[in-house]
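The structure appears below as structure tokens.
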Amino acid sequence: LIHRHLRRSAAIVHNSSSQSEWVDVQEYCDDLSQFFDARLQFDIQPADLQVYADPGQLMQVLVNLVKNAIEAGDGPVILSASRVAKGGVEISVRDRGMGILPDVLERIFIPFFTTKKDGSGIGLSLSKQIVAKHGGTLRVWSKEGYGSRFTLWLP
């Protein structure tokens with residue numbers, strides 16, 4: 001399951017020797033759905049979509065994004081993934097929460113910044129570092145009252 005992928009990547013960002021391989025996105029969705037129950041919906045196009053990444057590190061990012069999205073609202077979280085015209089793969093995690101306030105939005109990727117009582121402020125910062133280490137980007141779109149969408153692009 002998820003722990004199998006996370007164990008493969010003990011030193012997330014500080015390990016300079018990435019263990020990248022072709023990862024089946026649907027397999028990750030299957031693991032995530034078992035971990036997060038029925039609160040997660042998927043739209044993977046095509047069904048056999050793969051991305052070249054370190055499996056443990058990619059799972060770390062997806063778990064963080066999905067967990068945050070579930071905590072943000074009471075509706076379903078949608079994970080979508082597809083190849084994009086500019087090349088590479090885009091994976092989005094969307095929630096229907098209250099959205100992120102603009103002053104918070106500009107700081108969410110800063111290490112140790114958090115709005116959660118029990119948060120460390122490390123998750124999004126670490127996720128962005130992991131994606132950058134893979135040559136990709138992690139972006140966020142949010143609007144008050146409509147929810148948020150985190151989109152990672154990997155080459």
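How far CD1 of I44 is from SG of C29: 3.5 Å, rounded to the nearest 0.5 Å. Taking NZ of K143 as the start and CG of L105 as the end, the distance is 13.5 Å to the nearest 0.5 Å. Atoms CG and CD, from L58 and E21 in turn, are 10.5 Å apart once rounded to the nearest 0.5 Å. Distance check, rounded to the nearest 0.5 Å: CH2 of W153 to CZ of R139 gives 10.0 Å. Atom NZ of K128 is separated from atom CG of N64 by 13.5 Å, given to the nearest 0.5 angstrom.
The side-chain hydrogen bond (donor to acceptor under 3.5 Å, both in side chains) search around D43 returns Q45, not counting sequence neighbours. A search for ring-ring contact (aromatic ring centres under 6.0 Å, His included) contacts involving Y146 returns nothing, not counting sequence neighbours.
Using a distance-only test at 3.5 Å, with no hydrogens or angles considered, a donor-acceptor pair links the side chain of Y28 to the main chain of P55. Formation of a donor-acceptor pair under 3.5 Å by the S125 side chain with backbone atoms of I122 is not found in this model.
The side-chain heavy atoms of I110 and L124, taken from C-beta on, include no pair separated by under 4.5 Å.
In terms of heavy-atom proximity, Q26 sits nearest to D24 at N-OD1, 3.0 Å. For D54 against Q19, the heavy-atom pair with the smallest separation is OD2-N, 3.1 Å. Of all non-hydrogen atoms in P102 and E144, the two that sit nearest each other are CD-OE1, 4.2 Å. Across all their heavy atoms, P76 and Q41 have their closest contact at CB-NE2, 3.6 Å.
Cluster membership check: L49 does not share its hydrophobic cluster with Y52, using side-chain heavy-atom separations under 4.5 Å among Ile, Leu, Val, Met, Phe, Trp and Tyr. I108 and I70 fall within the same hydrophobic cluster, defined by Ile, Leu, Val, Met, Phe, Trp and Tyr side-chain heavy atoms under 4.5 Å apart, directly or through other members. Hydrophobic clustering (ILVMFWY, side-chain heavy atoms < 4.5 Å, transitive): L152 and F109 are in one cluster. Each of V104 and W141 belongs to its own hydrophobic cluster when Ile, Leu, Val, Met, Phe, Trp and Tyr are linked at side-chain heavy-atom distances under 4.5 angstrom. Note on V131: it clusters hydrophobically with V63, by side-chain heavy-atom contacts below 4.5 Å among ILVMFWY residues.
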Original post:
For D30 and Q34, what are the C-alpha separation, side-chain angles and deciding distance, and is it a side chain to side chain donor-acceptor pair (under 3.5 Å)?
Top reply: CA-CA 6 Å; D30 293 343; Q34 291 178 25; over 6 Å; no
Residues 77-100 side chain polar contacts: donor-acceptor under 3.5 Å, at least two apart:
unit_1	atom_1	unit_2	atom_2	d
S92	OG	T151	OG1	2.9
D95	OD1	G97	N	2.8
D95	OD1	S148	N	3.2

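Residue V25 is tested with D48, V51, L62 for a side chain to side chain contact (heavy atoms under 4.5 Å, CB included); the sole match is V51.
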